[in-house]
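Report on the following structure.
Just so it is clear: chains get the letters A, B, ... in the order the sequence lines come, proteins before strands, and each one is counted from 1.
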Amino acid sequence: MGIGASLPRLEDERYLRGRSQFVGDIAFPGMLHAAFLRSPHAHARVISIKKPEGAENRVFVAEDLSGVARIRSVAKLPGFRGSDWPTLAKGKARHVGEAVAMALAASPAEAEDLTAATVVEYEPLAPVVTMAQALAPDAPLVHEQWPDNVLLDSKLESGDFEAAKRAAKHVVTREFRMNRQTPFTLEGRGCLAHYDGRLDELVFYCSHQLPVPLQIGLSQTLGISQRRLRVIAPDVGGSFGLKSYLEGEAVCVAWASLKLGRPVRWIRDRHEALICDASCRDYRCKVTAYADAEGKVLALDCEVIVDAGAYSPWPWPAGLEGMMALGNMQGPYDIRAFRGRGINVVTNKPAGQPFRGVARPISCVGHEMVMDALAWELGKDPAEVRRLNLVKPEQMPYTSVTRKQLDSGDYPRALRRALELIDSDGVLARQRRGEPDGRLIGVGIACFYEQTAYGTGPYGYSSWGIELVPGLEPAVARLTGDGELVLEVGSHSHGQGHETVYAQIANEVLGIDPHRVAVRHGDTYTSPVGTGTYSSRSMVTVGGAVDQACRLLKRPIAQIGAHLLQCRIEDVAIKGGAVVGPAGSVSFAEIGRAWYHHPENLPDGVDAAGLTAIAGHKPHDPGVFGYSTHAAVVAVDRDTGKVEILDYAIVTDCGRRVNPLLVEGQIVGGFANGIGNALYEESSYDENGQPLATTLADYTAPSAPCIPDVKLDFFEIPTPFAPYGIKGVGESGAIGPPSAIISAVNDALRPLGAAIYETPVTPRRVYAAIEAARAR
Amino acid sequence: MKPAKFDYLRPRDLAEAVRALAAGGEDARLLAGGQSLGPMLNLRVVAPSLLVDLSRLAELGEISERGDSAVLGAGVTHAQIEDGALSNATVGLAQRVASGIAYRPVRNRGTVGGSLAHADPCGDWAPVMMALGAELDIRGAHGTRRLAASQLIAAPLMTTLARDEAIVSIQVPMLGGKARWGHVKFCRKPGDFAESLAVVVIDAARDAARVVLASRTGVPAHLFATEQCLRSRGKAGGDAWSAIAAAIEQDVEEHALRGHWSGYDRSLHRATLTRAVKEALI
């Protein structure tokens, strides 16, 4: 049941039996419900707000929020412009859905009635909807105090770019558009604030993945000390990065509860989510590869534009996406010269927010589309061109041209295995034969690495100069009086299965049955000050801390055990939840009883800290690098434009798998996100900045029948830089699909001379690409 | 979002329902399974003063076969049909249709009558009932009448029903044992409303061939050239595909002009039609 066991999730018992508790399940007597009045304009001055008569004390506008500071995101990147994000629109509204007023009532419906009866006078302004509009010389300004709409313009150059360019025999350029989507979670955002008069503290329940940063952010904006804020992130129904920013609505709800001394709850609905949640994946990129006669890439030149929306969130500022897109654009390839530029623009759309994979889907598309283009130009097999360029196992550890420190693995073998799994030779034969139904078959490949669990600096977060730099990750391990174990951690689990895998680590160290281990997380009362769950870090960093804490516990356990067994500590071993000596054993229960209830039975000189251990893990600063190859086989219907995935394989190396079952869950779940990105999900806007996908009838989120079976295989090449050789794995499933599917669709369309460089690959886009080729 | 305030009535019988509807004036609405009306209420795109809830009326749940017709109560759910309620009468067509409507939880509550009365241009049942030559029994405050399914939808989300009328049941002519059908629904993902839906029913015993296309640009329509071609083919027993393809093309051209179809619409509808005809013939 330790590391390597496919233990079913311990937390599923409560999820499957309906005993889980989400924010929407929590209520307090006398609780008020909040609703938000939202701007119907993408860009407008707020001239006046008239509250409904008789309800003036139940409707609140920006001016009412006394003592509330604006949400300001901070980064020390050269040229970075932090935007103030008002909790309620002040002066002007910068996107459709921006909260303008909050209403409180006894039910959500009545609160909505109040917002409907509140009259706001707007003066509409010209909106900035597209990246091109944002960058136009005479563009309206989203933030009037800025000279333009550029939030961050960063450049990265490395190696002798000009020399490499001159040496090149082949040059290919491709441009790509990845359209904005929403980080779609089953449970929406929501929070509940309730003031505890006895303790003089605000208890804040929130569907969130970073409870500790949220505590800090609320403390800063509300102006109350951290000790007076208890943040609880209870069960959370998916997050993917969405629930990691400090939301204006959360600040409003917390403020209202403090002001009125009553519990206040706000549960966002799907319509609101699609209109005003932070969005993601809004990129354009242009990549040029310079290659020698064989197809070895000598240099890469790229430009990425990120539409960051109207505001920069806290704690992760906008602008990081552009940096990350550039920093990973060379991918798993041995390329020694690089030039890149990342422009992050603001527009009159909801703020952008990192989403599972954070910018790496566009980096992956970037390097993979030029690999395909090179192969076609050279008349070579796309897999062959990739093999020629991949970093070889004997080059590991390998520092990339963008200074990523790829630590371990066999990239060419992952490619080979993925092609085997889809039987690429068989598919090519089928492709040559042609389909009886006239559909076109294509094969696509995506090779990439996933930088996970990165640390403080200089390669990690501190280099960005953000406010909350993560680093040392703590864990507490406590043996109870009856010999069971409680683990307290600062990460949050919202589907990942931390309550199972941390218990498996404890089993690995102490031999204790995971069913006798409780993992406590998501409550700032009990959690040590960790920074939460993101960037595929928890298994490495928190897992590492749990490992350390359990190791620390071994000493007092062994000491007490040896004393009870009347032997030397050198002669005992900890096995299967007991201390075993030459002449017998004592269970953890007896050890716990001795410590807590019978100090007369303890050895002299025992450490008074007893059976509680606090330990931390400092992650390797550059992170640890997992990697994958995705291979896709698709069929494209020329008449309807529909793309069907016929086969899909993912080969992943995430080092040692603590729980292979849960690793598979991470990959398949990420794959589902990636399918949405590749084929279905799009938050589109009209020329006035009005969102066009505001219900699930228009926002095509993939459902179970859209997700085909996927063939999986794993290598377990350990990283030298993390306990047990574990590499993070939370995002790789989501990174590859847009790239692999675009590659496959374009392979299918090649006989028609058509290609598509935009996601999602909708039937209409496929048809348009075919028509465009026909017209040429 | 949550609905604005409304009054709610659960009538004892249909007579009380249509009386309440008549008395409720412009803002009264019938509630059946609530699978379309529910979200519309929540989004506040409709704000009726009164909802008359038909969902508990046993008289709307009838399923029977009378002579050469099957009678389907308007309150029969998609799930009941998916589970076989109309399978015999339609030689499996209705079962196929029902199983492709949204998801099972929606099918458990959504009703045939509700779907027809909602008159979404791409609703699943209207084109199928038209292709089956079904008729609707309508009851209003002033009596009952019978209406051909083809006459129901006046415009997207608008029927020819009077304000105080409700669909009571649907008379579906029993298909002959040798009847053939084709049904092709195209949507971005399973369970969505169709972007194109083509239904073909060929019943040689009745000398009938009906072809109906539903799209998002108009109301479901019979495609007369294709119907004509399939009927005469039935008589001649020939298998001249080129004639059928030409008829389909003629229908597509006509509707493309009327519905201002894009090149994509044209290609898509041609594809669903062609495939539905082939499914029926092969």
Side-chain angles (χ1 to χ4, degrees), chain A residues 33 35-36 38 105 107-113 115-117 267-275 437-439 637-643 675-676 679-682 693-707 760-772 774-775, chain B residues 1-6 35-36 38-45 47 99-100 102-106 118 120-123 157 184-198 215-216 245 248-249 252 261-276 278-279 282:
Chain A
H33 296 261
F36 289 88
R38 299 184 179 280
S107 73
E110 289 165 287
E112 273 185 49
D113 291 346
T115 61
I267 303 292
R268 179 219 68 174
D269 62 50
R270 192 65 66 190
H271 181 58
E272 260 182 315
L274 292 171
I275 289 171
D437 62 6
R439 291 193 298 175
D637 185 326
R638 301 177 233 213
D639 299 323
T640 66
K642 188 146 187 157
V643 173
I675 293 295
L679 293 174
Y680 294 102
E681 295 182 58
E682 181 170 0
T694 64
T695 71
L696 291 185
D698 309 307
Y699 188 82
T700 313
S703 42
C706 303
I707 312 301
V761 183
T762 61
R764 280 171 200 274
R765 288 198 173 108
V766 171
Y767 183 80
I770 294 171
E771 282 298 284
R774 208 174 282 162
Chain B
M1 292 177 77
K2 304 290 176 201
K5 263 185 191 168
F6 55 85
Q35 298 305 293
S36 295
M40 289 166 75
L41 287 167
N42 278 345
L43 289 164
R44 299 196 177 197
V45 294
S99 66
Y103 308 98
R104 182 76 189 192
V106 171
H118 179 55
D120 189 291
C122 277
L157 301 177
V184 175
K185 177 180 176 181
F186 182 87
C187 44
R188 286 281 306 281
K189 62 168 193 170
D192 270 5
F193 273 105
E195 287 185 46
S196 177
L197 197 167
S215 72
R216 294 195 175 173
I248 289 174
E249 204 52 43
V252 166
W261 289 356
S262 65
Y264 176 71
D265 294 334
R266 210 179 272 242
S267 178
L268 173 65
H269 297 314
R270 187 191 294 116
T272 53
L273 264 173
T274 304
R275 291 168 196 184
K278 281 187 174 165
E279 188 187 13
I282 295 163

Can you tell me if [X] uses its side chain to pair, donor with acceptor, with the backbone of [Y] under 3.5 Å?
X: B/Tyr264; Y: A/Pro763; answer: no
X: B/Lys189; Y: A/Ala701; answer: yes
X: A/Lys642; Y: B/Cys187; answer: yes
X: B/Arg188; Y: A/Thr762; answer: no

[X], part contacting chain A, at a heavy-atom distance under 4.5 Å:
X: B/Ser262; result: side chain
X: B/Tyr103; result: side chain
X: B/Phe186; result: side chain

Quiz item: Between A/Leu696, A/Thr640, A/Leu679, A/Thr700, which shows the greatest number of heavy-atom pairs under 4.5 Å with chain B?
Solution: A/Thr640
Quiz item: To the nearest 0.5 Å, what is the distance between CG (B/Leu43) and OG1 (A/Thr694)?
Solution: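 With rounding to 0.5 Å, CG (B/Leu43) is 7.5 Å from OG1 (A/Thr694).
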Quiz item: Atom CD in A/Glu771, atom OG in B/Ser267: separation rounded to 0.5 Å?
Solution: 7.5 Å
Quiz item: Where on A/Thr695 is there a heavy atom nearer than 4.5 Å to chain B: the side chain, the backbone, both, or neither?
Solution: side chain
Quiz prompt | Sidechain N-carboxylate O distance under 4.0 Å for B/Arg44, A/Glu112 | solution =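 A salt bridge links B/Arg44 with A/Glu112.
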Practice problem: Tell me, please, which residues at least two apart from A/Ile267 pass side chain to side chain contact (heavy atoms under 4.5 Å, CB included). | Solution: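 If we apply the side chain to side chain contact (heavy atoms under 4.5 Å, CB included) test to A/Ile267, skipping adjacent residues, the hits are A/Val23, A/Arg265.
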Quiz item: Going by the salt bridge (Lys or Arg N to Asp or Glu O under 4.0 Å) test, which pairs reach into residues 761-770 of chain A, not counting sequence neighbours?
Solution: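 Those involving residues 761-770 of chain A are A/Glu682-A/Arg765, A/Glu758-A/Arg765, A/Arg764-B/Glu195, A/Arg764-B/Asp265.
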Quiz item: Taking every heavy-atom pair that is under 4.5 Å apart, which of B/Ala4, B/Gly263, B/Ala271 has the most such pairs with chain A?
Solution: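 Looking at each of B/Ala4, B/Gly263, B/Ala271 in turn, B/Gly263 comes out on top.
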Quiz item: If every non-hydrogen atom of A/Ser703 is compared with every non-hydrogen atom of B/Pro190, which pair is closest and at what distance?
Solution: OG-O, 4.4 Å
Quiz item: So do the side chains of B/Arg275 and A/Asp639 get within less than 4.5 Å of each other, counting heavy atoms only?
Solution: yes
